[in-house]
Amino acid sequence: MTNYLTERFKVHEFDPCYLNLNLINLKGIYTTNIDDLIPQIIKKSNSRYLNEQHVNGDCIDPKGINYLPLHGFVNYPERGYVFSVEKIANIYNQATRIWSYLSAALEKYPTIFIGYGLNDTGVIEAITSEQTFQNAQKSKWIVLFKPSSDDISYFEGIGFNIILSETKEFLNELPLLDQWEKNKNKTNNEIEKVFAANIIPRGLEGLIQRPIEEFYRGLPPKWTDIIRNVIYKTSHYKVIENSIFNKQKGTIIIGSPISGKTTVTMQVAHFIQYDGLKLLFTDFNKGRADYILKIVGTQKTLLIIENFTDDVTSFLELKKHPNISLVGIDRSHHFGYVSHLIDKNKFDIINVTPLTEFDIQGIVNTIPDAIRKPEEEIRKKKAYDMEDSIFEFVIRHIKGESIQQRYKEFIQRLESEDIALAEFLILCAYMHTARVPLSMEVAFSYFNEYTYNDVIDMRKQLSDFLRADNTDELAQNSIDGYRPRSSIISGTILKHASTELFAKVLNTLIDRVSYIKICNYKTFRKWAFDKALITKAFPNWNDGKDFYEKVFLFDNRNPYVLQQGALYLSSKQKYQEAFDWIDRAKILTNNMQFSIRNSHAIIMFDANYEIDNPDSVEQLDRSMEILHKCFNDDMRKAFHAKTYADQALRYYKKYNNGKSIEYLKQSLSWLEEEIPKNTWAYDLKSYATKIRRALKLIE
């Protein structure tokens, strides 16, 4: 039945009059149809793009149109359809938070109902819900064809303005302006107006000024810092610049956290002599990628994408366009998950973490005298090594309070003085760690016992500690999104927040906020439930287990939630529970996902490592066999090679027998095979060094 419905409702052609919908300034489209007509219509627009809200969550980009198919969608048949009378009657109760979102939308935006008779109980509930303020709803229209007098009385009674028309007649009345044709030959100036928030600035006019000391204390770089040329350009600057000038390749810039990736990229972006448009985007998905291509057209463009691994497939699609010089930025750890998808012949991969001696001295020399420690005090400090970030190195060389110290004291004081403000700040830091902004839509849902004005007042009180999201998503939008001022700050807030309050924030978010309200939910779900993050909030394993069970339901029974939950339970030495969870994840993915099989091997190894009997050794060997198969069968060979190397070293440390030597030799063989293919991956080299050292000791 599902296959039949899917094929039956796929749209192959449609009347051109539907394209007139692209002339309406749409914010969201909510439909009980399961067909793909609307996506095909919006795809033809040169001024807007479609955001699949049921996949990506809320979109606060004014150019994006939220699309929410309430009863299923032919592009995702595996999620099922709602057609039966019984299911339609029950759907409102099953997904009340989604319908409440529709209720809230009616309060914020004018709404028009086309080709719909409101026979669906969910929509009627959304319109007339006690949680919806009828007098706060914006204007509502409904297009009716030959309605009875009772119909007119009914719809007028619930606040509708009535348009008497056939659907086609109504669509043909919309101004027939061929808007997308006008956009085909945009000049650079016209494109820059569309992407005003993403243009690399040419000068200081209109930019906020600040003391450069703020940058050295830990705040992220601003364009004023870059343009004034007061930050040292490391040796990576020239490497990146040369890569961009190579028309045959794209450029990928990676590094450890707070290693200066963004700073050096901004320096290159501003100073490079590039004859074309220069654009920088932070939040990225397929809809955004398609829209960029549509607007840029054939114009020569330097396109820089931060956090590009959030949607690496769409990023790689951009590389196919010869007029685009493509640059991606992300953490090396995140890049490791997707590196097997990158053709190394088409991209230069530049790891900016290591610094030369000239870099180190240059950085020290550019620290302002007013905050630089005396030379004799600096000499007492340890030298820079690969374990340091640039930030950590700089902090050791400056006087006074760093940003980290300031926020540590602030969050601790705030918890004792104003718990609601502390929750707001922790919520914002958590969302930022999951690589999305905190939208006010999410904040309103989270603090549902407060009025809108109360929540807005909280945000105003924290204005010195938060920044408005500076992507073009927010440039023209009334829905604000906020982040802490840097990743250093968000990490500091979560590190020093009490576990009790952090746990409360996580639980309240899951209990009160629908996933469709979270900006770019597809990205959020990849990072928000990571074992390392949840461990901080839930030191007690029972509490953590309860949270992961709740998240599993919240995230539509996502098997990767079970995977992270299993790793969490394993870290708490609750191995039986961990095995149960990872087995459920394997079943849900038909044992076809190598990352889950890798986690299974890790849990098996950890569970048996401290046990001394023949059965435990057999399980350790079985774990190594699983990883061996993962390496042979999966494309992510570097990922599996590192896990195998780590376990081989631990196996050797405990047993130092013939089997352990075999594992070490096999591991070294794989590492030596992967290092030339992954020159950016310094951890591969580190593992190889450790294993060579162990084998030398054996000899």
Side-chain angles (χ1 to χ4, degrees), residues 214-222 254-263 282-283 306-307 309-310 329-337 352-353 386-396 398 401-415 421-438 462 464-470 481-506 509 519-520 523-539 544 564 568 571 683:
E214 291 297 304
F215 168 75
Y216 284 101
R217 293 196 186 280
L219 287 177
K222 287 187 174 292
I254 59 173
S256 60
I258 45 185
S259 60
K261 300 181 295 296
T262 300
T263 302
T282 300
D283 294 323
E306 278 202 280
N307 303 331
T309 64
D310 288 347
I329 317 169
D330 219 314
R331 293 185 179 183
S332 48
H333 177 67
H334 299 156
F335 177 69
Y337 291 128
V352 301
T353 302
M386 286 289 293
E387 299 301 318
D388 288 339
S389 66
I390 289 181
F391 172 72
E392 291 166 331
F393 175 73
V394 169
I395 286 300
R396 291 203 304 271
I398 65 172
E401 186 182 52
S402 72
I403 292 297
Q404 284 180 318
Q405 291 170 317
R406 190 187 308 173
Y407 272 82
K408 173 184 176 182
E409 294 166 3
F410 179 69
I411 187 63
Q412 291 173 344
R413 184 174 71 252
L414 202 60
E415 284 197 32
L421 278 183
E423 283 186 62
F424 195 109
L425 195 60
I426 293 168
L427 177 62
C428 193
Y430 174 65
M431 302 297 282
H432 181 54
T433 302
R435 297 167 65 134
V436 299
L438 169 64
L462 293 170
D464 288 344
F465 299 91
L466 305 176
R467 64 174 172 86
D469 198 85
N470 60 2
Y482 293 86
R483 304 178 191 258
R485 292 187 177 273
S486 73
S487 58
I488 298 172
I489 291 171
S490 61
T492 300
I493 291 168
L494 297 185
K495 179 180 179 181
H496 296 290
S498 67
T499 56
E500 295 81 9
L501 193 56
F502 190 13
K504 179 186 177 185
V505 168
L506 294 182
L509 177 71
C519 300
N520 204 359
T523 294
F524 174 85
R525 72 198 299 236
K526 285 173 63 176
W527 311 110
F529 311 122
D530 183 84
K531 177 261 294 185
L533 193 59
I534 304 308
T535 299
K536 156 65 181 166
F538 299 102
Q564 289 300 317
Y568 166 84
S571 72
D683 47 357

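These numbers come from the heavy atoms of this one structure, side chains and all, not from hydrogens, waters or symmetry mates.
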Atom [atom1] of [X] and atom [atom2] of [Y]: how far apart are they, to the nearest 0.5 Å?
X      : Y      : atom1 : atom2 : value
Ile329 : Lys261 : CD1   : NZ    : 9.0 Å
Ile254 : His333 : CD1   : NE2   : 12.0 Å
His496 : Ile426 : NE2   : CD1   : 12.5 Å
Thr282 : Asn520 : OG1   : CG    : 11.5 Å
Leu421 : Leu425 : CG    : CG    : 8.5 Å
Glu415 : Glu500 : CD    : CD    : 8.0 Å

So do the side chains of [X] and [Y] get within less than 4.5 Å of each other, counting heavy atoms only?
X      : Y      : value
Ile488 : Tyr407 : no
Leu462 : Phe424 : yes
Trp527 : Asp310 : yes

For [X] versus [Y], what's the shortest heavy-atom pair and its separation?
X      : Y      : value
Ile534 : Ala528 : CD1-O, 3.8 Å
Leu427 : Val505 : CA-CG1, 3.9 Å
Ser487 : Arg331 : CB-NH2, 4.0 Å
His432 : Ser490 : CD2-OG, 3.1 Å
Phe502 : Leu533 : CE2-O, 3.9 Å
Gly255 : Thr353 : CA-OG1, 3.2 Å

Hey, is NZ on Lys408 packed in by over 12 heavy atoms from elsewhere, all under 6.0 Å?
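For Lys408, atom NZ is not crowded (no more than 12 foreign heavy atoms under 6.0 Å).
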### Within 6.0 Å of NZ in Lys495, more than 12 heavy atoms from elsewhere
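No, NZ of Lys495 has 12 or fewer neighbouring heavy atoms, counting only those of other groups under 6.0 Å.
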Any donor-acceptor N/O pair, [X] side chain to [Y] backbone, under 3.5 Å:
X      : Y      : result
Ser256 : Ser259 : no
Gln564 : Asp530 : no
Lys536 : Ala497 : yes
Tyr568 : Phe538 : yes

Q) Taking the six-membered ring for Trp, are Phe524 and Tyr430 parallel (under 30°), tilted (30 to 60°) or perpendicular (over 60°)? A)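 Rings of Phe524 and Tyr430: perpendicular, over 60°.
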Evaluate Ile411 against Leu501 for side chain to side chain contact (heavy atoms under 4.5 Å, CB included), listing each step before the verdict.
CA-CA 11 Å; Ile411 187 63; Leu501 193 56; 5.9 Å; no
What's the verdict on side chain to side chain contact (heavy atoms under 4.5 Å, CB included) for Asp283 and Thr523, showing C-alpha distance, side-chain angles and the deciding distance?
CA-CA 9 Å; Asp283 294 323; Thr523 294; over 6 Å; no
